[in-house]
Amino acid sequence: MTLEEALSRAAKTSPQLIQAQGAIRTTAAAERSAYGAYLPSLSASASTGGGYSTTINRPDSSGFNDSYSSGLSASWDVFTGFRRRSERQRTQADTQSAQAQLVAQRFSVEQSVERSFFDGLRAEELMAVAKARIERAQEGVGFAEKRLSVGSATRSDLLRAQLELNTARESLLQQENQRLTAALSLGRLVGVEGPVDPAPSGPLEPSPIKASREEVVNQLVAQAPTVKAAEASVLAAEAGIGTARSQYYPSIRLSGGYDWSNEDFEITGSRNSWSIRLGLSYNIFDGFQRDESMVRARTQAEVAQAQLTDTRRSVRSEAERVLSQLQLIEDRLELNRQAVAVAQEDLRVQQERYRLGATTILELLTSQAALVEAQNSLVSLRFDYLLSRAELQSILGREL
């Protein structure tokens, strides 16, 4: 499975993304409800009933009595102490926070997929290094056996060569296990029962970031999803102060209704009534509950502001760390490419010298170990760069 296919499937099956999308629907419904608070409410009612009644000493007055009634009522909050405005601002902020959290979750899921994907490819490349190591170790065993047969080497040389071969085979087994672990992790993320092997759609070479370090950091601090979510939380907390303050104002409510009732199911002879009311209410004393609500709201606003400041510092710190790590990997990549070339040439010389009997098995094994270390380091650095870049994109909330 290619990386693009894995990302597409993970976006459809990730519980985190599904939850974040559900949070947006929930906040959108709450925002619609906050707008609906500006509209009047309307209700209708209807009922019917019956009973048997009788009067002592008047049997002729006994019988069944039916009753029918219906009504229509409407009410509208004329003034609520600016509570509706505060609730509307709070729900808008909650929607903004949910949208930012969705972006953050999407890139977090993509980072997890990319990690499993790249870990699988890393294991495959390290398996190739281990297989080449096995081939060289087998050649070393052959050289040692030939020299031992002519008396130019000792039994220790052959044993050391065989030990190197066993170590190379063990390394291959470890990398095969790492590849299986990464494939199983990738399968879970994309919603597949079982392992999924990564299939690169093109060369996976590190590509430097075009923007400058200062530009990246400034964008992260200003546009990171975590920062935007924290900013929305501050707006929601400030709107909560307005909601708490609305309890100190009186409320005005306009209501009206129409009622109809009759003992027969017909229009004539019915009793009709209209009503309209304008009421004002004010809570003079509520046991300091308003004061408690105000203190809670202001405290929550202070906490939200402190969290926003800390989030900005955290994002800046993480950005600086990842950018420094990327720069370090770039520098080490060039040095490791040179190290691989040097180690390959040194091993070629040592193999020829050992074949001719001009060096010892220890020097040959040392050259082989140096090449393996350089190749493993080069492979790891390439994928470390890709993973660090994915981490930076996850913090920023957009592609670089």
Side-chain angles (χ1 to χ4, degrees), residues 118-148 152-154 156-179 182 198 200 202-209 213 321-390:
F118 292 146
D119 282 346
L121 293 179
R122 185 206 306 263
E124 289 184 1
E125 292 198 14
L126 292 176
M127 284 172 58
V129 173
K131 290 177 181 178
R133 182 181 181 183
I134 290 175
E135 292 178 1
R136 291 192 298 268
Q138 289 173 340
E139 292 178 357
V141 171
F143 291 153
E145 288 176 343
K146 289 179 181 179
R147 290 188 57 181
L148 180 62
S152 60
T154 64
S156 176
D157 289 355
L158 180 58
L159 293 176
R160 290 178 185 273
Q162 290 176 339
L163 178 61
E164 168 63 16
L165 177 59
N166 292 338
T167 303
R169 288 171 175 168
E170 181 183 358
S171 176
L172 178 61
L173 292 175
Q174 290 176 349
Q175 296 307 324
E176 288 176 344
N177 182 67
Q178 291 292 333
R179 184 185 65 173
L204 295 173
E205 292 297 328
S207 56
I209 299 174
R213 186 188 187 100
R321 178 186 64 80
V322 176
L323 287 171
S324 298
Q325 184 173 333
L326 286 172
Q327 184 61 50
L328 176 62
I329 294 175
E330 287 181 11
D331 297 338
R332 291 184 61 193
L333 274 171
E334 184 60 31
L335 295 175
N336 270 264
R337 291 190 182 98
Q338 298 176 8
V340 169
V342 171
Q344 287 174 338
E345 179 62 20
D346 177 66
L347 179 59
R348 186 190 66 80
V349 173
Q350 293 296 336
Q351 285 176 332
E352 185 64 20
R353 292 184 63 193
Y354 184 75
R355 188 178 65 83
L356 297 175
T359 188
T360 65
I361 189 68
L362 288 176
E363 292 177 339
L364 176 61
L365 293 178
T366 300
S367 296
Q368 290 178 346
L371 177 59
V372 170
E373 182 179 356
Q375 289 175 331
N376 287 340
S377 179
L378 181 59
V379 171
S380 296
L381 284 173
R382 286 177 51 243
F383 286 101
D384 285 344
Y385 188 91
L386 295 174
L387 290 173
S388 296
R389 188 183 177 95

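The analysis underlying the following values was restricted to heavy atoms, covering all of them including side chains, and did not include hydrogens, waters or symmetry mates.
If you check the side chains of Asp331 and Gln327, you find a donor sitting under 3.5 Å from an acceptor.
Between the side chain of Thr167 and the backbone N or O of Leu163 there is at least one donor-acceptor pair closer than 3.5 Å.
Annotation: the span from Met127 atom CE to Ile134 atom CD1 amounts to 9.5 Å, rounded to 0.5 Å. Note: Asn166 CG to Ser171 OG = 12.5 Å, rounded to the nearest 0.5 Å.
The shortest non-hydrogen separation linking Gln162 to Val141 is N-CG2, 3.9 Å. Listed here is the closest heavy atom pair of Asn336 and Ala374: OD1-O, 3.9 Å. Counting all heavy atoms, side chain and backbone alike, Gln175 lies closest to Ala123 at O-CB, 3.7 Å. Contact between Thr366 and Leu362 at its shortest, heavy atoms only, is OG1-O, 2.7 Å. In plain terms, the two heavy atoms of Leu121 and Pro200 that are nearest each other are CD2-CD, 3.7 Å. Looking at every heavy atom in both residues, Arg136 comes nearest to Leu347 through CD-CD2, 3.2 Å.
Residue Gln344 qualifies as enclosed at atom CD: its count of foreign heavy atoms under 6.0 Å is above 12.
Between Gln351 and Ser367 there is no side-chain heavy-atom pair separated by less than 4.5 Å. A heavy-atom distance below 4.5 Å is not found between the side chains of Arg133 and Gln368. Contact of the Leu387 side chain with the Arg122 side chain is registered, since non-hydrogen atoms from C-beta on lie closer than 4.5 Å. Two residues are said to be in side-chain contact when any heavy atoms from C-beta on lie closer than 4.5 Å; Arg382 and Leu333 meet this criterion.
Checked options Ile329, Leu328, Leu323; the residue passing with Gln325 is Ile329 (criterion: side chain to side chain contact (heavy atoms under 4.5 Å, CB included)).
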Would you check, one step at a time, whether the test salt bridge (charged side-chain N to carboxylate O under 4.0 Å, His left out) holds for Glu345 with Arg348? CA-CA 5 Å; Glu345 179 62 20; Arg348 186 190 66 80; 2.6 Å; yes
Please lay out, stage by stage, how Ile361 and Leu364 fare under the test side chain to side chain contact (heavy atoms under 4.5 Å, CB included). CA-CA 5 Å; Ile361 189 68; Leu364 176 61; 4.1 Å; yes
Tell me, with the steps shown, if Tyr354 and Asp157 meet side chain to side chain contact (heavy atoms under 4.5 Å, CB included). CA-CA 11 Å; Tyr354 184 75; Asp157 289 355; 3.8 Å; yes
